[in-house]
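Heads up, the thing below is written out as structure tokens.
Keep in mind it's a predicted model, so treat the numbers as computed, not measured. All residue numbers in this chain count up from 1 along the given sequence. Heavy atoms only: backbone and side chains are in, while hydrogens, waters and symmetry mates are out.
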Amino acid sequence: MVDQRSIIVVTLVSLLLLLLFDSTLEQQLTSYSEKQALLQLRSTLGLRSKDWPKKADPCFNWTGISCQNGSVIGINISGFRRTRVGSQNPSFSVDALVNLTNLMSFNASNFLLPGQIPDLFGDKLLLLQVLDLRSSSVVGPIPLSLGTSSNLTSLYLSDNSITGLIPPSLGQSSKLLYLDLSQNSLTGSIPLEFSSLGNLSLLDLSSNFLSGLIPPGIGALPKLQVLNLSNNSFTSSIPAQLGDLGSLVELDLGMNDLSGSLSSDLGGLRSLQKMLLGSNKLSGELPDDLFSSLTRLQFIDLSQNSFNGSIPIAIFSMPQLQFLDISGNNFSSQLPDRSSTTNSSGAVFNLSQNTFYGNLTSILGRFSYVDLSSNYFEGKIPDHIPSNRSLDRNCLQRVSNQRTLEDCSSFYIARGLIFDGFGPQNNTPPAAPKSSGKSNRRWIILAGVLGGVAFLAILISLIVIVIFCTRRRGTNQRSNGVGPIPAGGSPSPQGVAVDFSSLGEKFVHQQLLHAANDFNDMNLIKHGHSGDLYRGLLENGMPVVIKKINLHSVKKESYLQELDFFSKVSHTRVIPFLGHCLDNENEKFIVYKYMPNGDLDVQASSILLDDKFEVRLGSLSEICSQEGDAHQNVISKFLRLPQSSDQGSSGSQTASCSYDVYCFGKVLLELVTGKMGISASDDTAVRDWLDRTLPHININDKDSLTKIVDPSLILDEDFFEEVWAMAVVAKSCLNPKPSRRPLMRYVLKALENPLKVVREENTSSARLKATSSRGSWNAALFGSWRHSSSEVAAIQQTSTIRAEGTSSFKQSGTTGSQGSGQIGGDHSSSQRQQSREVFHEPSDSQDRERRDEE
């Protein structure tokens with residue numbers, strides 16, 4: 001009995017060892033030709049030994065290699081880094097793949113592959129199922145051979161520079177589930193053959209140059225869940241056949257040229273959660289029966305169209321509704337007066353820029369944020385209206401910034417109604433501004449900007465102290481290693497010790513995905529230097545901005561330095577920091593409060609404006625320490641935008657500071673002239689504007705300013721004199737020689753007492769000449785005005801100076817061509833000199849040449 005048991009045990013152990021040995025053999029790469037193909041691919045792509053060690057077995061030790069039965073079936077090099085040599089001349093060199101005959105998946109997303117897609121993916125790799133080349137710098141057309149790949153299920157080619165037409169042959173890929181060709185430069189129309197893709201689940205052709213009609217045959221794709229054709233040039237109406245897409249969850253047709261009305265047949269989209277039709281030419285009334293069956297809708301965007309009539313009551317009864325935007329249309333009706341059966345769930349409702357009228361009803365109570373601006377609502381503000389709201393440009397009682405009595409009365413009379421006025425005490429809009437709304441807004445912005453400048457000086461001092469303290473303890477930190485390790489994250493880099501206990505809310509990844517609509521391109525604000533910025537909406541209805549940081553392209557120190565800054569600095573002038581998400585290894589997220597009034601179009605430092613037009617410093621190219629501080633600023637790395645060509649190739653602190661001064665000068669000049677936003681125009685337009693404007697700003701002739709000043713600023717003699725002083729300061733900031741622009745602290749000093757600027761300059765010139773030292777803010781600002789017999793003539797010499805090129809600048813500024821790179825002593829003497837000429841900003845190439853000489 002014992003012997004039988006022993007035999008059974010030995011037999012079982014032998015079988016287990018045999019199975020384990022066979023399993024190991026299956027995972028090892030047994031094909032010599034495939035091993036050679038991988039080594040060749042490793043060489044042509046310049047992959048690092050860290051990822052693909054040469055002597056190891058690829059199936060066991062190579063990152064991203066999948067094997068089955070001793071053969072390679074999958075390659076994933078997404079986000080890989082090349083070797084130094086491989087990075088020098090990258091190309092789409094993957095010919096070795098032809099020997100990997102069993103390959104089923106190739107993923108090179110976020111890996112640089114400049115060049116055209118080879119035909120081999122369709123001609124040779126017959127078993128290929130997944131091809132992912134997203135964000136790989138691919139160019140040229142889509143190869144026709146991809147349509148002949150009978151096993152292809154997933155084709156991701158988004159965010160490249162692919163051109164040409166969409167091959168109709170792709171319609172033959174009957175197994176295709178996911179097709180993403182978004183963010184390219186494709187032209188032409190959608191092939192009619194796409195109606196044969198019966199298994200397709202996702203079709204994303206957004207952000208291309210496609211045109212023509214939307215094929216009705218797309219409505220015959222029974223498994224389609226996502227259809228995104230936004231940001232193209234599609235015309236005509238939305239096909240009623242799209243209503244047959246019973247599985248569709250997301251429909252995005254925004255930013256096209258679609259026209260006509262919405263068909264009631266779209267009510268067949270019973271699974272739809274997102275309907276995004278904004279920024280088209282759609283018109284007509286919304287059918288009452290369209291939304292009654294769309295009970296799963298969460299996001300509705302009908303903004304910037306020409307819809308009219310009233311809002312179907314069914315929209316307000318949708319239990320899962322989170323976002324409703326019907327702004328910028330021709331809706332004209334009263335709101336339904338009934339209580340919503342749905343509890344408030346943080347939903348947002350934007351009905352601004354229409355002609356709604358009447359009282360504010362209880363239907364608004366279910367929303368946590370409402371934008372009712374630019375309508376004709378009247379009466380008092382009920383208690384059920386959310387506190388987070390925008391009510392400007394209406395006819396409401398006891399609310400500021402409303403329409404005039406005449407405007408409101410004429411609107412209601414035209415509809416046979418009676419306007420009840422602005423309340424029992426008087427019939428004038430409360431807090432009506434004396435001057436135009438445009439002028440009032442401008443001076444609010446100006447006051448905020450000047451307050452921001454004052455804060456900037458305070459912040460500079462604070463940062464210098466932080467740097468000093470950090471460097472004092474730097475030795476100990478270097479000897480002891482890294483700082484605290486955040487939960488769920490990786491260690492902080494050397495010298496960065498972040499106090500995570502004082503860093504706001506800790507968000508989870510799923511929470512931010514939901515807030516930013518899965519980081520859809522529709523939510524993208526801009527690609528920043530230290531991460532991509534997305535617009536988001538938290539569950540409580542708060543609008544936010546989420547910075548998505550990809551650690552494959554951004555250094556880890558960047559986001560940690562930003563978190564370190566926010567853990568130590570809290571000020572009303574800094575954009576509010578809300579929290580972070582550090583769960584993912586390669587992606588980090590930082591959450592800020594959304595600034596609803598945008599910025600002032602200044603590249604050097606995004607001066608953001610909140611809902612009260614208060615300045616918030618958001619993204620600065622550099623926050624510059626002033627003279628004598630040679631240390632690089634600790635927050636300059638994570639707050640700056642991508643380097644502008646106007647900053648010079650060196651990207652030095654001095655060049656960045658001087659460029660900030662130049663941009664601030666443009667802001668001041670915009671406020672003086674009333675030409676808001678001109679600095680956001682192209683370089684030619686800005687230069688032409690400065691050519692026309694600057695000759696009329698004269699320190700000795702106040703009257704010449706009347707030819708360019710905003711008329712609304714000419715209120716009285718003293719006030720106009722302050723405007724004159726602002727113009728003089730602006731002109732000094734616009735000196736073409738970056739080293740001769742005044743330091744920002746001198747600009748601040750001048751703007752604190754503008755009358756002193758022009759009065760002292762004209763009455764005490766002799767005394768000022770005698771005290772024109774580097775410590776004199778007045779001398780620093782107006783050294784460019786002295787010893788100049790004719791400023792207008794100097795402006796007219798600009799074209800001559802431009803024609804002469806570099807040599808003329810050597811003659812006019814020889815002292816400025818020395819010592820700019822020195823540190824210590826009197827190293828900045830050339831940078832502190834003040835120019836005797838005030839011109840507009842030179843062109844990029846000339847400016848770089850001049851900085852090199854300086």
Shortest non-hydrogen contact between [X] and [Y], atoms and distance:
X	Y	result
Asn523	Ala515	ND2-O, 4.4 Å
Thr706	Asp703	OG1-O, 2.6 Å
Arg535	Met522	NH1-O, 4.3 Å
Leu690	Pro695	O-CD, 3.9 Å
Leu537	Val544	N-CG2, 4.2 Å
His696	Ile708	CD2-CG2, 3.6 Å

Spatial distance of atom [atom1] ([X]) from atom [atom2] ([Y]) [nearest 0.5 Å]:
X	Y	atom1	atom2	answer
Leu705	Met726	CG	CE	10.0 Å
Gln353	Ser327	CD	OG	6.0 Å
Trp724	Asp701	CH2	CG	7.5 Å
Asn401	Arg393	CG	CZ	7.5 Å
Ser279	Asn231	OG	CG	9.5 Å
Lys548	Tyr534	NZ	OH	5.0 Å

A side-chain contact here means heavy atoms from C-beta on lying under 4.5 Å apart; do [X] and [Y] qualify?
X	Y	answer
Leu533	Val545	yes
Leu734	Leu694	yes
Ser704	Ile697	no
Glu670	Trp689	yes
Ile546	Ile590	no
Leu391	Asp371	no
Leu551	Lys588	yes
Phe720	Lys702	yes

Next on the checklist: One pair to check against side-chain contact (heavy atoms from CB on, under 4.5 Å): Val728 and Ile699. What are the steps and the verdict?
Outcome noted: CA-CA 7 Å; Val728 170; Ile699 191 65; 3.7 Å; yes

Checklist entry - Between Ser390 and Tyr369, is a side-chain contact (heavy atoms from CB on, under 4.5 Å) present by the stated rule, with each step listed? => result CA-CA 8 Å; Ser390 178; Tyr369 174 81; 4.2 Å; yes

Checklist entry - Cation over ring, Lys547 on Phe589, under 6.0 Å and within 45°? => result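 No, cation not above the ring by the 6.0 Å, 45° rule.
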
Next on the checklist: Please determine whether side-chain contact (heavy atoms from CB on, under 4.5 Å) holds for the pair Val686 and Lys666, giving the CA-CA distance in whole Å, both sets of side-chain angles, and the decisive distance to 0.1 Å.
Outcome noted: CA-CA 9 Å; Val686 173; Lys666 286 195 295 185; 4.3 Å; yes

Checklist entry - Could you go step by step and tell me if Asp710 and Val672 meet the side-chain contact (heavy atoms from CB on, under 4.5 Å) rule? => result CA-CA 6 Å; Asp710 183 354; Val672 169; over 6 Å; no

